[in-house]
Participant: 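Got a structure for you, questions after.
Since we're looking at a predicted model, the values are computed, not measured. Position 1 is the first residue of the sequence, and the numbers go up from there.
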Amino acid sequence: AYEIYQCDWSSDVCSSDLRDITTIATVRAGERTRPRLVARQAGVISGVPLALATFRALDPDVSSRVDADDGTTVAAGQDVLFISGHGRAS
């Protein structure tokens with residue numbers, strides 16, 4: 001799955017420039033951001049390693065804090081993970 005994900009992202013994202021028109025229009029170049037992923041509804045978390053790999057592919061210097069690993073039962077509104085990195089990647 002990881003190799004497929006890399007191929008898909010390399011075709012959708014313009015290398016290290018991250019040239020998404022909406023992102024360019026709304027996020028200043030060089031800005032660091034700290035988004036968080038929150039569960040919209042109660043359930044079991046899945047896909048945390050893939051999410052982290054995606055952010056790291058776009059910004060190798062991204063830092064993260066995982067509050068709910070895969071297999072964790074969460075309530076609606078519960079924090080799952082926090083990311084800190086290049087604003088145009090996170």
Side-chain angles (χ1 to χ4, degrees):
Y2 182 73
E3 290 177 28
I4 293 170
Y5 132 82
Q6 280 197 334
C7 290
D8 289 345
W9 274 94
S10 67
S11 64
D12 292 338
V13 178
C14 300
S15 69
S16 63
D17 291 337
L18 305 174
R19 290 184 228 166
D20 170 72
I21 190 68
T22 303
T23 304
I24 290 170
T26 58
V27 180
R28 289 178 292 200
E31 181 175 359
R32 292 190 59 83
T33 58
R34 294 181 294 177
R36 66 183 181 141
L37 182 76
V38 178
R40 286 193 280 176
Q41 61 187 32
V44 178
I45 295 301
S46 177
V48 171
L50 182 58
L52 294 173
T54 301
F55 287 116
R56 287 187 183 119
L58 297 172
D59 177 4
D61 297 324
V62 72
S63 61
S64 61
R65 185 184 91 202
V66 176
D67 284 3
D69 288 310
D70 278 9
T72 302
T73 301
V74 295
Q78 184 174 337
D79 292 328
V80 176
L81 70 101
F82 294 83
I83 299 291
S84 177
H86 188 286
R88 292 187 177 175
S90 56

Participant: State, to 0.1 Å, how close Ala51 and Leu81 come at their nearest heavy-atom pair, and which atoms those are.
Facilitator: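 Heavy atoms only, the tightest pair is CB-CD2, 4.5 Å.
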
Participant: Is Ile45 reachable from Val66 through a run of hydrophobic residues whose side-chain heavy atoms are each under 4.5 Å from the next?
Facilitator: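 Linked, Val66 and Ile45 end up in one cluster.
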
Participant: Tell me whether Val74 shares a hydrophobic cluster with Leu52, the cluster being built from Ile, Leu, Val, Met, Phe, Trp, Tyr side chains joined at under 4.5 Å.
Facilitator: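 Result: yes, single cluster for both.
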
Participant: Has Glu31 got more than 12 heavy atoms of other residues, nucleotides or ligands less than 6.0 Å from its CD?
Facilitator: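 It does: Glu31 CD has more than 12 such atoms within range.
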
Participant: Of all the heavy-atom pairs spanning Ala75 and Ala39, show the shortest one and how long it is.
Facilitator: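 Taking Ala75 first and Ala39 second, the nearest heavy atoms are O-CB, 3.7 Å.
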
Participant: Going from CZ on Arg56 to CG on Asp61, what distance comes out if it is rounded to the nearest 0.5 angstrom?
Facilitator: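 So the gap between those two atoms works out to 11.0 Å.
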
Participant: Between Asp59 and Gly85, is there a donor-acceptor pair closer than 3.5 Å when you use the side chain of the first and the backbone of the second?
Facilitator: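 Side chain of Asp59 to backbone of Gly85, a donor-acceptor pair under 3.5 Å: no, none is there.
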
Participant: Write down the atom of Arg32, the atom of His86, and the distance for their closest heavy-atom approach.
Facilitator: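 Closest pair (atom of Arg32, atom of His86, distance): NH1-N, 3.9 Å.
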
Participant: Give a yes or no on whether Leu37 and Val48 share a hydrophobic cluster (residues Ile, Leu, Val, Met, Phe, Trp, Tyr; joining criterion: side-chain heavy atoms under 4.5 Å apart).
Facilitator: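 Linked within one cluster.
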
Participant: What heavy-atom pair brings Phe82 and Asp67 nearest, and what distance separates the two atoms?
Facilitator: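 Closest heavy-atom pair between Phe82 and Asp67: CE1-OD2, 3.3 Å.
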
Participant: Let me confirm one number: the CD1-CZ distance from Ile83 to Arg34, rounded to the nearest 0.5 Å.
Facilitator: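 If we round to the nearest 0.5 Å, Ile83:CD1 and Arg34:CZ are 13.0 Å apart.
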
Participant: Of all heavy-atom pairs between Pro49 and Asp70, which one has the smallest distance, and what is that distance?
Facilitator: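 Shortest heavy-atom separation between Pro49 and Asp70 comes out as CD-OD2, 3.4 Å.
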
